[in-house]
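What follows is a short report on a single structure.
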Amino acid sequence: MAVERETRNNLVFAVNGERFELSTVDPSTTLLEFLRSRTRFKSVKLSCGEGGCGACVVLLSKYDPVLDQVEDFTASSCLTLLCSINGYSITTTEGLGNSKDGFHPIHQRIAGFHASQCGFCTPGMCVSLFAALVNAEKANQSEPSPGFSKLTVSEAEKAISGNLCRCTGYRSIADACKSFAADVDVEDLGLNSFWRKGESKEVKMSRLPFYNCNKEICTFPEFLKKEIRSSMLLDSKGFYWYNPVSVKELQSFLESNETNDGSLIKLVAGNTGMGYYKELEHYDRYIDLRYIPELSSIRRDPKGIEIGATITISKAIEALKEENKSEFHPKSEMVFKKIANYMEKIASGFIRNTASIGGNLMMAQRKNFPSDIATILVAVGSMVYIMTGPTCERIMLEEFLERPPLSSKTLLLNVKIPSWESIKNIPSETDTMLLFETYRAAPRPLGNALPYLNAAFLAEVSPCKTSDGIIVNNCQLAFGAYGTKHAIRARQVEEFLAGKILSLDVLYEATKLVKAIVVPEDGTSYPAYRSSLAIGYLFDFFSPLIDNGGKISNVLLEGYIKNVDAYKINQNHVQLAHDNLPSLLSSGKQVIELSEEYHPVGEPITKSGAAIQASGEAFYVDDIPSPENCLHGTFIYSTKPLAWVKGIQFQPKPLPDGVASIITFKDIPKGGENIGSKSIFGAEPLFAEELTQCAGQRLAFVVADTQKHADKAIKFAVVDYDLENLEPPILSVEEAVKRSSLFEVPPMFYPKQVGDISKGMAEADHKILSAEVKLGSQYYFYMESQAALAIPDEDNCMVVYSSSQVPERTHAVIARCLGVPEHNVRVITRRVGGAFGGKAIKAMPVATACALAAHKLRRPVRIYLDRKTDMIMAGGRHPMKITYSVGFKSDGKITALQLDILIDAGLSPDISPIMPHNILGPLKKYDWGALSFDIKVCKTNHSSKSAMRAPGEVQGSFIAEAVIEHVASTLSMDVDSVRSINLHTYNSLNLFYESNADEPLEYTLPSIWDKLAMSSSLHQRTEMVKEFNRDNKWRKRGISRIPIVHEFFVRPTPGKVSILSDGSIVVEVGGIELGQGLWTKVKQMAAFGLSSIQCDGVGDLLDKVRVIQSDSLSLIQGGFTAGSTTSESSCEAVRLCCNILVERLRPLRERLQDQMGSIKWEMLIDQAYMLSVNLSASSFFVPDLTSMQYRTYGAAVSEVEVNILTGETTFLQTDIIYDCGQSLNPAVDLGQIEGAFVQGVGFFMLEEYLTNSDGLVVAEGTWTYKIPTLDTIPKQFNVEIQKSGHHQKRVLSSKASGEPPLILAASVHCATRAAIKEARKQLLSWSGKDECGSTFQLEVPATMPVVKEHCGLESVERYLEWRMGRK
C-alpha cells in the first residue's frame, strides 16, 4: 500500500525536548554538524568521522502514530544526514541530566566507578548505555529489583562494545554499565566511590545512585507527536531532498528531465557508506528511499524471508531471530538464527541501526566493498530483486555480485533468503541432516572491524548405508572479503565433495582445491594468511564428521543446530566458537591499601570533573563557540618523501567553495620565523619551503568559512613536485647509517656502559650472536584530535586556545613565528581529550598555524584536524632495529649483553636524542653482568617521531624480554626461571643504576615478584596451561610473568593558590589535565595543605577547591605535562603555596581562637580579608638532586589462548602488582594502570601504523587502525596497588603511575609467544621432526596474521598428512 503523501515545508525535529524548525539547510549537513555548530549541545564529539568510535552517538526516537509506539535506537550523528531525521527526536547526554538540575544515575555511576578519564568518549558511552536501558524496559520480562533495570549483565556490557576509549582500559566503564543490570552481583563490581570494602551486599546496593525506570526521561516529546501525521515527509523545495513513496514515483523522478541536466543524485537510506567511502562529489539532489513500501518491508512466506533493501541490519537481525511461528522447518530456523548471530558482528550497534541491507549489498556490487552480508547470503542461495527502468528481474545474489557495476538507475528492491525446505523436498523422517556454519576472522571478536576473510558453509549430510562414514549429499561453500572483488561460491570444492564419503583423504584433497580457489588479488595484505583461513574453516566444518563410526552424533548435530560447541564431542576436533557471539563479561579484582595520614590525600575520591564530562558540560577546545567571522583551517601536506615543491593548485576550480586564503611560509610576517615546533634539541619548520623532506610534512594551511569546506578543499589540492637533482630519500635506518644521517645525542643523555663486555662474553658457556629485533611505530589515537582556536586581540596581541600538553612552549613558538614579544601571546588550555605525548611537540604547529592565519587575516581562525590528516602528520612512536649478542651460563645466568640499536627519528630531532637514555633505563631491569651498547638516532625522510607514553622505555623493556626469551629457548629452559635468576640483587641494582641508588627497603621488586606468583596462582596455572595444551590440538595457551624497573624524573613546576573572600579556593598549576587525574590530586593536596591551619571546617575544604585552566601569562614556566610525574610535582608546588598561606594565617587564627575559643574557616578568611592578609601565594617547586629522580617497580602475569586455525589471541587473565609508594589517589592511579596496560596491549598485539613505500601513512582511521576495544581486554583483570614504605624524598611518599604499566603489557606478548611455541612443537611432531630450530622472534604487533604464520600457515595440511600417515 502506497504511503499517503503529506508534506511540510520545514524540517522539524526535537533535541532533548526542544523544538527545532529549519526552512532550509544544505542536504549534505550531518546531524553532528548541526548539533555542534547551531545548538548548545556540544556533548556529541567528532573523533573519527567514520562511525567507528562512538564519540558522536545520539539516541534517535521515531514515533509511529498508528501503533502509538516510539522506537528508540542509537546512531552515529557524524554519518546521519540532518534531512533524514525529519519528525524525529534526538537525545544527547545533556538531555539526561546536568550539574544544575541534577545528574542522571548514568552520569553519577560513570563518575563513581571512576570510568571517565579524559572524558572525550564519555558522552557517547552514556548515550549508548541509556539507549540500552530504554529498550530493556520495553522487554517482556519480570520487573527487576528497585534501582535496577531489565538489562542483563551481558547486555549492559554489549551496550558500549562499539564505543572506543583510549584512557581507561574499559574495565571501569563495563562495571558502571553492569551496575544497572538486574542479574548483577554487586560483589563483582570494581572499585567505586559508593561503598567501602567489607560493607554488606544490601548496603552496597542501597548506596548506588537510584535508577527509577518508571521515571525515565521521555525520549519523544508530546508536542512532536501532535505534529506528526501518518507520514510527515519533507517537501523537496528548499532542501533538494526527495521522499518518493512508491517505486513508480522514484523511477519517474530518475527518468525525468530534471535528472538529465548533469546534476548528481544520491540515493540515501542510512548514509553509513560515507564512513568508508569518503565521497568528494557535491550532490545536487538527495533521494530518501526509506518511505517506499517495496523497499522497506519484510515479508515471510513458506519459501523464505524477503527483506526490503532499506531495512536496517538491526531490523533484519530481529526478523531472522523471530521465534518460530510454524512457517518454517526447524532447519531453516536454525539457518536464519545463525545468519542473525553473524550479522551482530558487523560494524557496531549504532551503525547496524541505520545501515541498510541493500546499501551494503550495493556497495559490494558497485565498489567491491568487503561485505559480510554478501558472503553469508550467497552461501544460503539468496536471491535479489532488481529493477532497471521498467524491467524487473529476480536473480541469484551470486550472479548479481558478478555483474559489472550497475548503473545508478538500477535499483535493488529486496533480497530473498530461502527456507531450506523450499529448495529441497526432504521427507521429515529422513536421516539427512542440514549443517550450517558461519566464520569470520577479524581483529575484534565482536565486530567493528573488517574481516581478513569470511565464510559460510551449508551442507546436507547423511550416514552411508553401505559402510561406515558420512556422505556429503551436497554443500554450498561461500568465501569473501579475502582480497577478491566479491564473495564467491567454491563450486569446484562443492562438486568434488558432493556424493563422497567424508574421510581424511577427501578432506585433504578438498583443502588443496580451496587453496587453489581462495587466492587474494595482488596488493592484498597477508595473502597466504587469508588462504590459510579458508582451509582452516573448511577443516573446522567437516572434520567433526570424520572418525565417528558412520553415525551422526546427536551431540554433534546439537552443536550445529543449537549452537552447542561441536568440539565438545572430541577434544581432537576443532574448537572454534562458530557464530556464537564471544562472551564479554570482563571482570576484575582491585586491591588497594588506604591511608588517612594525609587526608584527603590518599583517598580514592572521584576524578574532578568526571560527572560534567559524562553530562557533556565539560568544554574542550572545539566546544568553545566560534567568535564572529571565524574561519576554519586545515593542512595541505606532502605525499612525497623528498621533492621540490613547485606550486599548489586546486582542481577543478582555482578556489574551492568557501576557501578564504591559503597560508604558506611566504605569509610569515617580517621579523617572524618559519618555526612550527621546538624542543631543547632543535626546531621544526611550520611549513616546508621549496623542498619537502618527508611525506606528511606541512606545505600550506587552507582557511575556509567552515571546517567542512576546509577539509574538502585539501582533497582537491594538487601539488606540483619536481625530483630533479635530488638524491634518493632516506627511508630506512640502515640507509641513514650508510649515509651518516644521524642526530647528535648530547653526552648527558647518553647512558654509561656497565662492566667489562669482553670479560662477560669470555665467562659465558653459550652465546647468541647478532640476533635481530624490529619494532614498529604506534599512533596516539587520542579521542580528541588536534585542536586550536586563535583570536586576534588589541595591540597586536593573540589569544590562542590550544589542546596542548605544553602551553608555555607553544606560546614561545607562536611569538617567534609572528615576530612579536611573548607578552603579546596568551595560550589557554583547560583540558585535553587525551594526549599520550602526541599533544606536546606535535600540538605546537597546529596552534601556530591558526595564530599565523589569524594574524594575517585579522579574523579568528580555528582548526579541528580530521582524523586522516592527524594520523598522517602525527609521527607517533619511534620505530627501531635492534641487533644483540648475549653470553650466558648453562643455568641461564646472563654474563654479557651487547646491543646495537638504530632509532628512526624521522626528519626533525623533536625529543629523539633523549631516546638512548630512555631505552636503557628499563632495559637495565635485569642483571646482564656486563652491558655494552651503541645507539644511533637516525635522521630519515619519515615524519618526525615524538614522545608517546613511555617513549623508549616500552622498547627498552621489550628488548630485555626478547633477549631473556631467546636465552631460555636456546637452553630449553623455563623462561620464568631465566627471568628469576637474572633479577637484580640490591647490590647489582645499584651497580646498574649508580646515579640513583635506592635504600634496600625501597627495592620492592623481589617481594612483588614473589607476591605476584602467589596472588595469581602462577605455578598452579602454569601446570593447568600444560595440561590444557596436552589435551587440545587447535587451541594453545601461554602464561608469562615479567617485571619492570622504571626511572622517573621530577621536573620543576609552578603553582598558585588563592583563597577568595567566601573561603572558596582557586588553584593554578603548571600541569595540564589530560585525563590523568592531575586536577583531582591537586585538589586533594590543596585541601590537605590548608587543613594544617587547624580551625573548624577545614575537614570540608575539598569541596571548596577549584583548579582552573592553564593560562601561559598568568602562570609562567609551566613546562611539559609529561613523564608521569607532573601530577606529583604540581601537588608539591601547591603544598608549598599552602604552607605560605598557612604561615600568613596562623597568627590571625591563634589570635581569634584566644578571643573566641574556636574559629570557623569562613570567619578566618573573612577576617583575613578585612586585615588585608595576602591570600594569594605562588611557588615554583624545584626538586633537589636527591629527589628529582627515583625508581618504581612492578610485575604482571598474563595468560592467553591462541586459536591455531585463525591466529586469534584471547587475553584470558592479567594480574598486576604495581608499587605506587603511598598513592595520592588510588582510584586515579588504578585507572592509569589499567588504561596504560590496555594501551600497551594495543602496541604489542593490535595496532599497525603502516606506511607506503614513500613513508606516507596508510592507516588513516578506524577502518585500518585498530586500538583495543571492550572485547580485546583481559577477561579477568586484577590489579593490586602496593603501598610501599615512607619515602621522604617523594611527594608525600608517592610514586607515579602513568607510564610503567604500559610496559607490563609485554607479558601478553610473551604469553602469546609461549602459546605459539607449543603450537610449533606440535607442528614439528606432525612433520616427524624434533624441536630443534624452533627458536623464533615474534613481531610487534603480534596480530592475527603474524600469530597464525608462526603457528604454521599449513598446520591443517600437516595434521591431515600426519593422520593419513604421509610424511
Side-chain angles (χ1 to χ4, degrees), residues 633-648 661-703 714 717 719-722 726 729-730 741 743-744 786 788 790 798 800 802 804 806 809-820 825 838-856 861 863 865 869-870 872-875 905-913 937 939-946 1255-1256:
T634 195
F635 292 101
I636 295 174
Y637 50 82
S638 170
T639 58
K640 301 290 183 185
L642 189 64
W644 300 108
V645 178
K646 309 296 283 184
I648 301 171
S661 184
I662 313 294
I663 309 292
T664 68
F665 72 94
K666 297 174 183 176
D667 295 293
I668 293 168
K670 187 178 180 182
E673 298 177 43
N674 183 10
I675 181 172
S677 63
K678 185 180 186 303
S679 72
I680 61 171
F681 303 111
E684 181 175 305
L686 179 59
F687 299 116
E689 297 188 2
E690 284 86 6
L691 184 70
T692 176
Q693 297 181 70
C694 76
Q697 187 173 19
R698 296 172 297 276
L699 302 180
F701 190 63
V702 177
V703 183
I714 65 168
V719 181
D720 183 11
Y721 297 106
D722 185 356
L726 288 173
I730 299 172
S741 179
F743 287 113
E744 183 182 349
Q786 299 278 7
M798 187 70 64
V800 181
S802 173
S804 171
V806 280
R809 303 289 178 88
T810 304
H811 175 133
V813 168
I814 291 170
R816 281 180 60 180
C817 179
L818 300 185
V820 298
V825 177
K839 290 182 180 170
I841 307 294
K842 293 293 184 179
M844 295 179 188
V846 177
T848 304
C850 273
L852 176 62
H855 181 82
K856 178 190 176 184
V861 176
I863 183 173
L865 214 53
T869 305
D870 192 288
I872 285 171
M873 292 170 47
L907 179 61
S908 300
D910 202 284
I911 56 87
S912 298
V937 180
K939 180 180 181 180
T940 65
N941 293 110
H942 286 290
S943 58
S944 302
K945 307 308 169 191
S946 195
L1256 183 70

Original post:
Is a side-chain donor or acceptor of Asp722 paired with a backbone partner of Trp644 at a separation under 3.5 angstrom?
Top reply: no
Subject >> Phe665 side, atom CZ; Glu690 side, atom CD - distance, nearest 0.5 Å >> reply: 4.5 Å
Original post:
For Phe743 and Leu907, which heavy atoms make the closest approach, and how far apart are they?
Top reply: CZ-O, 3.4 Å
Original post:
Hey, what do you get for CG (Leu691) to CG (Leu726), rounding to the nearest 0.5 Å?
Top reply: 6.0 Å
**OP:** Among Thr692, Ile662, Ile714, find the one that has a side chain to side chain contact (heavy atoms under 4.5 Å, CB included) with Leu699.
**Re:** Thr692
**OP:** Grab the two heavy atoms, one from Ser912 and one from Ala905, that are nearest each other, plus how far apart they are.
**Re:** OG-CB, 3.3 Å
**OP:** Please check if the side chain of Lys646 supplies one atom and the backbone of Asp720 the other of a donor-acceptor pair under 3.5 Å.
**Re:** no
Original post:
Where the side chain of Asn941 meets the backbone of Ile730, is there a donor-acceptor pair that is under 3.5 Å apart?
Top reply: yes
Subject >> Residues in side chain to side chain contact (heavy atoms under 4.5 Å, CB included) contact with Ala815, at least two apart in sequence or another chain >> reply: Val820, Glu822, Val825
Original post:
Looking only at heavy atoms, which two atoms of Cys817 and Pro669 are closest? And how far apart?
Top reply: O-CD, 3.9 Å
Original post:
Salt-bridged, Glu744 to Lys939, with N to O below 4.0 Å?
Top reply: no
Subject >> Point-to-point distance, once rounded to the nearest 0.5 Å, from OG of Ser946 to NZ of Lys842 >> reply: 6.0 Å
Original post:
Where the side chain of Arg698 meets the backbone of Leu686, is there a donor-acceptor pair that is under 3.5 Å apart?
Top reply: yes
**OP:** Taking Asn674 for its side chain and Phe687 for its backbone only, find out whether a donor-acceptor pair lies under 3.5 Å.
**Re:** yes
**OP:** Using distance alone, with no hydrogens and no angle criterion, decide if Asp910 and Ser679 have a side-chain donor and acceptor under 3.5 Å apart.
**Re:** no
Original post:
Do you know the tightest heavy-atom contact between Val703 and Ala853?
Top reply: CG2-CB, 3.9 Å
Original post:
Side chain of Thr810, backbone of Val806: donor and acceptor closer than 3.5 Å?
Top reply: yes
Original post:
In Å, rounded to the nearest 0.5 Å, how long is the span from CD1 of Ile663 to CD1 of Ile668?
Top reply: 10.0 Å
Original post:
Tyr721 side chain to Leu642 main-chain N or O, any donor-acceptor pair under 3.5 Å?
Top reply: no
Original post:
Can you name the closest pair of heavy atoms from Ala847 and Ser802 and give their distance?
Top reply: CB-OG, 3.9 Å
Subject >> Contacts of Lys640 that satisfy salt bridge (charged side-chain N to carboxylate O under 4.0 Å, His left out) - sequence neighbours left out >> reply: none
Subject >> Distance-minimising heavy-atom pair for Val645 and Glu689 >> reply: CB-O, 4.3 Å
Subject >> Backbone N/O of Pro909 and side chain of Glu684: donor-acceptor pair under 3.5 Å >> reply: no
Original post:
Could you give the distance from CZ (Arg816) to NZ (Lys678), rounded to the nearest 0.5 Å?
Top reply: 6.0 Å
